[in-house]
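Each remark here refers to the structure printed beneath this line.
A quick note: this is a predicted structure, and the numbers were derived from the prediction, not measured.
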Amino acid sequence: MQDIARRFGVHPSTVSRALRNDPTISQDMRERVQAAARDLGYKPNPLISALVRSRRPRRSGSYRAHLGYLFAGPVDRARVWRRNYDELFFGAKARANMLGYELEEFDLSGRDLSPKRFTQILLTRNIHGLILPPLYSLQDSLPVEWDHFGVIAIGHSHRIPANRVVHNHFAAMRTALAACRARGRQRIGLVLTRRLHEKVEKLWLASYVFDHFEQADRCEARPLLLMEDRNDAARFDVWLKQNRPDAIIGLQNLTPIHAWVKTAGLASEIELVTLDYHESDRGFSGVFHDYGRIGATAVDQLVGQLERNERGLPRMPVSTLIDGVWIERATDAQREKSERKK
């Protein structure tokens, strides 16, 4: 670093900031310093980088770099979509602040911006790192020229070849099936909407099929019911009568399976398990996606990219899997019994 500083007649701290793409250093100087570093084979000391990160949040009044969080939900359901992913954003924001960064949200819902225009907006605000929370469907996209930014996607919905942090859908299904069998359930069905089935790379179904292959001598597999939309009650009724499951795994907070089972008079016979547990789930057990941890991990990955001066989409993307947590909810009968004991 001293050699580079002498070559350009600047202080070593200027070289350090240029190597980290600090926007307070002119773009021309950053490019010349980085080219010189490559020529000299310079490699940063990871221990010193870690020390700098640990000290950065304690320097009150110092420059805080900004990261972008690109939210894009369906216009007619943007508020609900945002509420579902609040924990993701707040987990990411808390982690960014701890590492000395600010996380700035850009709401692109319903906006028509060209990639060139939006990229210029981000660069003007000195944002060089982007976190991409899940999109509503695989058909959605974001207007960004990726070569300018470090990028971390969350989930599988982004079709770009980015490094990503994802919930471990395969393991979650294995967990849900094991919990059903622990309750003595053997005719376990799976009900999903097609949009979500495709958004998770069909990993829930892959795990369901694999698990039933392993358990072939102890349980009876039920065919997957893929619903085109959440109001497909007629198809659900036909599937229910044909297959007579004693447990149904699905997304209870996103589909009215509970109401349909109750209408069929089978609420006391069928165990319902959710693959994406929320506090709003009415007493269902299920797998909790730790959105706060996923958001924090995305920031960790992104900051690492920026400190290594990595920009654009990688040739060989890497995925980081975050396991879910099983949440056991008390049944109505259990809650009543507990209340009587009090």
Side-chain angles (χ1 to χ4, degrees), residues 84 167-289 323-338:
N84 286 343
H167 171 69
N168 193 340
H169 299 91
F170 195 94
M173 177 59 72
R174 297 296 299 270
T175 297
L177 288 165
C180 288
R181 294 197 184 98
R183 291 164 164 76
R185 309 292 176 167
Q186 295 298 318
R187 304 187 309 276
I188 306 169
L190 176 60
V191 178
L192 297 171
T193 61
R194 186 176 299 277
R195 176 178 64 85
L196 292 167
H197 170 61
E198 293 175 349
K199 269 185 59 174
V200 303
E201 298 280 284
K202 304 178 182 179
L203 287 167
W204 279 326
L205 177 59
S207 180
Y208 179 81
V209 171
F210 177 77
D211 188 271
H212 277 86
F213 175 79
E214 286 193 326
Q215 301 286 334
D217 59 337
R218 285 172 292 205
C219 67
E220 304 172 42
R222 293 294 183 271
L224 164 70
L225 173 61
L226 269 185
M227 298 188 297
E228 297 302 327
D229 61 66
R230 67 186 307 273
N231 298 314
D232 210 350
R235 290 188 64 234
F236 177 83
D237 287 341
V238 172
W239 176 87
L240 189 66
K241 292 172 183 176
Q242 289 178 343
N243 295 284
R244 303 297 295 180
D246 58 10
I248 299 176
I249 298 173
L251 295 160
Q252 311 300 341
N253 60 312
L254 298 178
T255 52
I257 295 174
H258 178 262
W260 296 341
V261 168
K262 188 174 181 180
T263 299
L266 299 172
S268 62
E269 300 178 23
I270 298 177
E271 179 87 19
L272 297 182
V273 170
T274 182
L275 289 166
D276 187 6
Y277 174 83
H278 288 258
E279 284 296 331
S280 59
D281 289 335
R282 296 162 295 180
F284 302 123
S285 298
V287 179
F288 169 65
H289 297 204
D323 286 346
V325 179
W326 177 257
I327 302 294
E328 188 73 44
R329 302 297 291 176
T331 64
D332 291 339
Q334 289 171 330
R335 283 193 291 270
E336 292 174 6
K337 185 178 180 180
S338 176

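- The two residues Gly189 and Pro245 come nearest to each other via the heavy atoms N-CB, 4.2 Å.
- When the salt bridge (charged side-chain N to carboxylate O under 4.0 Å, His left out) test is applied to Arg244, no partner is found at least two apart in sequence or on another chain.
- Summarising the geometry of Phe170 relative to Leu203, their closest heavy-atom pair is CD1-O, 4.0 Å, with the distance given to 0.1 Å.
- Remark: Phe236 pairs with Trp239, Trp260 by the ring pair (Phe, Tyr, Trp, His ring centres under 6.0 Å) rule, at least two apart or across chains.
- Residues that satisfy the side-chain contact (heavy atoms from CB on, under 4.5 Å) test with Ala178, not counting sequence neighbours, are absent from this structure.
- Using cut-offs of 30° and 60° for the angle between ring planes, the Tyr208 and His212 rings count as tilted.
- The existence of a salt bridge linking Asp211 and Arg181 is confirmed by a sub-4.0 Å separation between a basic side-chain nitrogen and an acidic carboxylate oxygen.
- Contact detail for Ala171 and Asp323: the closest heavy-atom pair is CB-OD1, 4.3 Å.
- From His278, atom NE2 reaches atom CZ of Phe284 across 13.0 Å, with rounding to the nearest 0.5 Å.
- Considering every non-hydrogen atom in both Ile249 and Ala176, the closest pair reads CD1-CB, 3.9 Å.
- The pair Glu269-Arg187 does not meet the salt-bridge criterion, since no charged nitrogen lies less than 4.0 angstrom from a carboxylate oxygen.
- Separating the OG1 atom in Thr274 from the CG atom in Leu251 is a distance of 5.5 Å, to the nearest 0.5 Å.
- In plain terms, the two heavy atoms of Gly286 and Val273 that are nearest each other are CA-CG1, 4.2 Å.
- Each of Leu190, Leu240, Leu225, Ile188 was compared with Ile248 under the side-chain contact (heavy atoms from CB on, under 4.5 Å) criterion, and only Leu240 meets it.
- His197 places no side-chain N or O within 3.5 Å of a backbone atom of Val191 that could act as its donor or acceptor partner.
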